[in-house]
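Below: one structure, written as structure tokens.
What you see is a predicted model; the values in this text were computed from it and never measured. Within every chain, numbering begins at 1; the chains are lettered A, B, ... in the order of the sequence lines, protein sequences first and strands thereafter. Both backbone and side-chain heavy atoms feed into the values below; hydrogens, waters and symmetry mates do not.
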Protein chains: 2
Amino acid sequence: MLNDDPALRAREETRQRVRQAVKELGYQPNRIARSLRTATSNTLGLVIPNFENPIWAVVVDGAETEADARGKTLIVASAARTPGRVQQFLDLGAHGGLDGILIATAGQTDTPPADAPVPWLLLNRRAEGSRRYLLLDDEAAAHRATTALIDLGHTRIAHLSGPAHAESAGRRTSGYRKAMADHGLAPGPILEADYSFTGGNTATDALLAAGAETTGVVVANIASASGLLVGLRAHGKHVPDDISVIAIHDHPLAGAFDPPLTTVSMPLFEMGRRAVALLLDTDPQDAIEETIPDGIELIPRASTAPPKA
Amino acid sequence: MLNDDPALRAREETRQRVRQAVKELGYQPNRIARSLRTATSNTLGLVIPNFENPIWAVVVDGAETEADARGKTLIVASAARTPGRVQQFLDLGAHGGLDGILIATAGQTDTPPADAPVPWLLLNRRAEGSRRYLLLDDEAAAHRATTALIDLGHTRIAHLSGPAHAESAGRRTSGYRKAMADHGLAPGPILEADYSFTGGNTATDALLAAGAETTGVVVANIASASGLLVGLRAHGKHVPDDISVIAIHDHPLAGAFDPPLTTVSMPLFEMGRRAVALLLDTDPQDAIEETIPDGIELIPRASTAPPKA
DNA sequence: CTGAAAGCGCTAACAA
DNA sequence: TTGTTAGCGCTTTCAG
């Protein structure tokens, strides 16, 4: 009766009286006791690498939206300062503390075993021996970005990649390579940044040294691209007249960059949303190997133009 | 023994054997049962308005750092899509589900009653009838920003404020007013944006209409400032030659803006850190009315210069 | 010092 | 259909 069970046969008036009493007495069911009893919590966890990178904001938003729609509470934490965060959430989630965990981090130990105490799903990362992941089509996005430069007439195109240890970075690099090959072009210099402003900024020297004749750069993300823009400016290079820059992932602030940055957007909100749906709707034992098919889109701004010569 | 209680007298060898057994059997204490028994959870909650605004990333970072240092788990959620998020966390926290809650949102119903089931603290918001808050010195930051323009020689300075319902926005506006008054200047036009890119962008028209002779603008935050920069560019106005722009709160990406945006940084990390410390170290019944004293700093970039005429 | 037992508040199973 | 009870796993208390 306290749970307002509709299967329970009782007069509507009685129901009302109970509800009234519950309200007046301020009765709050003890969730802890309930969780102990049922080994469920109506709560989902999400571990992201950090809160700085704005792409996670969108993923979280999508995940929260879907969780809310299903009456679940989503709690988020980052592994930025604590490599053991995934393990911590696994502990939190054991014995029904969490009904499921989404893992967006890429640490060595961030892939739970198959017999983990909580259902889990990796976000945009494949891992050796795991068959539970939801991917963005990073390769297609990088391919799209590279093709955009090629379509403008560029042939000498460099790539500022993400860190070697990130699996998604590898898929982007591979999309860049494929696009070049598809158009019969030799890949240009590939330099490793680390998805950060500083990484992109310090890579500027190497980029200019590696290929003086480079007219376009495909950058693995916005933060690196912003660093690159600042670096190029410092070297007296003009974007896009001297060199075109395009980055993967979009963000509103990219429109305020100098110059406004052309990007390729990815379905981040949908990834968060879909991840929660998959986590709740599938058997934790089943494999999930899914890539989000749509939502890759060119956002043209002012950092790309045909090569001058 | 299982808790490795140091008060317990036992041979070191025995301790080792127990630890070994615990490890081998993979024993994990049931946190739920423990919470039910002790009405504590070693977990803290933080509710932020959204994940998009990058300032929250820094606050969360500070809070996570302090929580980690104290062996607590911090969980985060946003109220972006769900106005009832604070209530939801209050429910989560009742009966020891959370040891405390930090509230950074500013909704009408986001101030818990004094007899809330969980200790709580408001972040950068004073609320009618509450005496539990930790503030940034928004007034000082706005004063600093305004003074920076005045020091450059500006006298016709406008203010692009935050939304009227945000208490922090009011403190910034008041800092702007005071700085103007301190230098014997009449306040310029004050326009309300909503802390967003779009808000700043659409306010451009009104700003240019309100004061044609305006040579400087103090913007309440970076997102609005980025929208304003784009808007001014669209109107053919050159920053800083035609008009100087300075914003409150700093972010690395502001260095990539067109032009790089001069800002005043705030001690956001420290706010997160201090908030966790206060939440854990004070009696939940005691009043906390604290403002973080230091950490306000001018970050000079290229969007500010002396007025031309 | 060691071991047994009560009980946190809930739900599910069972008995009436 | 309704009311009663056992028990989730832990900590704390109390008896041995």
Side-chain angles (χ1 to χ4, degrees), chain A residues 1-45 70-73 87-100 115-119 280 284, chain B residues 1-45 70-73 87-100 115-119 280 284:
Chain A
M1 188 73 224
L2 286 175
N3 291 330
D4 221 348
D5 186 346
L8 214 62
R9 214 159 58 72
R11 273 188 301 167
E12 185 52 33
E13 192 237 22
T14 313
R15 268 180 208 281
Q16 285 295 350
R17 285 216 339 264
V18 171
R19 270 197 284 267
Q20 181 67 19
V22 163
K23 199 171 171 187
E24 273 174 16
L25 297 171
Y27 170 77
Q28 289 281 94
N30 185 326
R31 302 172 38 98
I32 312 283
R34 180 178 292 176
S35 283
L36 177 60
R37 185 62 240 257
T38 62
T40 58
S41 56
N42 263 336
T43 307
L44 300 174
R70 290 161 175 260
K72 310 284 176 189
T73 303
Q87 185 55 52
Q88 186 183 35
F89 259 49
L90 250 22
D91 292 346
L92 249 192
H95 311 286
L98 295 171
D99 291 348
D115 63 343
V118 207
L280 293 175
Chain B
M1 188 73 220
L2 286 174
N3 291 329
D4 220 350
D5 186 344
L8 213 61
R9 215 160 55 73
R11 272 188 302 167
E12 184 53 33
E13 192 236 23
T14 313
R15 265 180 210 282
Q16 285 295 350
R17 285 217 340 264
V18 170
R19 270 197 285 267
Q20 180 67 18
V22 162
K23 200 173 173 188
E24 273 175 17
L25 296 169
Y27 169 78
Q28 289 281 93
N30 186 325
R31 303 171 39 98
I32 313 283
R34 179 177 293 175
S35 284
L36 177 60
R37 184 63 240 256
T38 63
T40 58
S41 55
N42 263 336
T43 307
L44 300 174
R70 291 162 175 260
K72 310 284 176 188
T73 302
Q87 185 55 53
Q88 186 183 33
F89 260 48
L90 250 22
D91 293 345
L92 250 192
H95 310 288
L98 295 172
D99 292 347
D115 63 345
V118 206
L280 294 174

Roughly, in whole Å, what's the span from CZ in B:R34 to P in C:dC10?
22 Å
C:dC10 P sits how many Å from A:H95 NE2, rounded?
21 Å
Provide, to the nearest angstrom, the distance between the CG atom belonging to B:D91 and the P atom belonging to C:dG9.
17 Å
Among C:dG7, C:dC10, C:dG9, the nucleotide that comes nearest once only the side chain of B:L36 is considered
C:dG9
Output the rounded distance in Å from CG (B:N30) to P (C:dG9).
17 Å
Atom-to-atom span, CZ of A:R37 to C1' of D:dT5 - whole angstrom
11 Å
Close side-chain approach of B:P29 and B:R34, heavy atoms under 4.5 Å
yes
Protein-nucleotide distance (B:R31, atom CZ; D:dG9, atom C1'), rounded to Å:
14 Å
Heavy-atom side-chain contact between B:L92 and B:V118 under 4.5 Å
no
Using only atom types and a distance under 3.5 Å, with no angle test, would you say the side chain of A:S41 pairs donor to acceptor with the backbone of A:G96?
yes
Hey, does the side chain of B:Y27 come within less than 4.0 Å of D:dC10's phosphate (OP1/OP2), counting only N and O?
yes
Kindly say whether A:L44 contributes a backbone atom to a donor-acceptor pair with the side chain of A:D99 at under 3.5 angstrom?
no
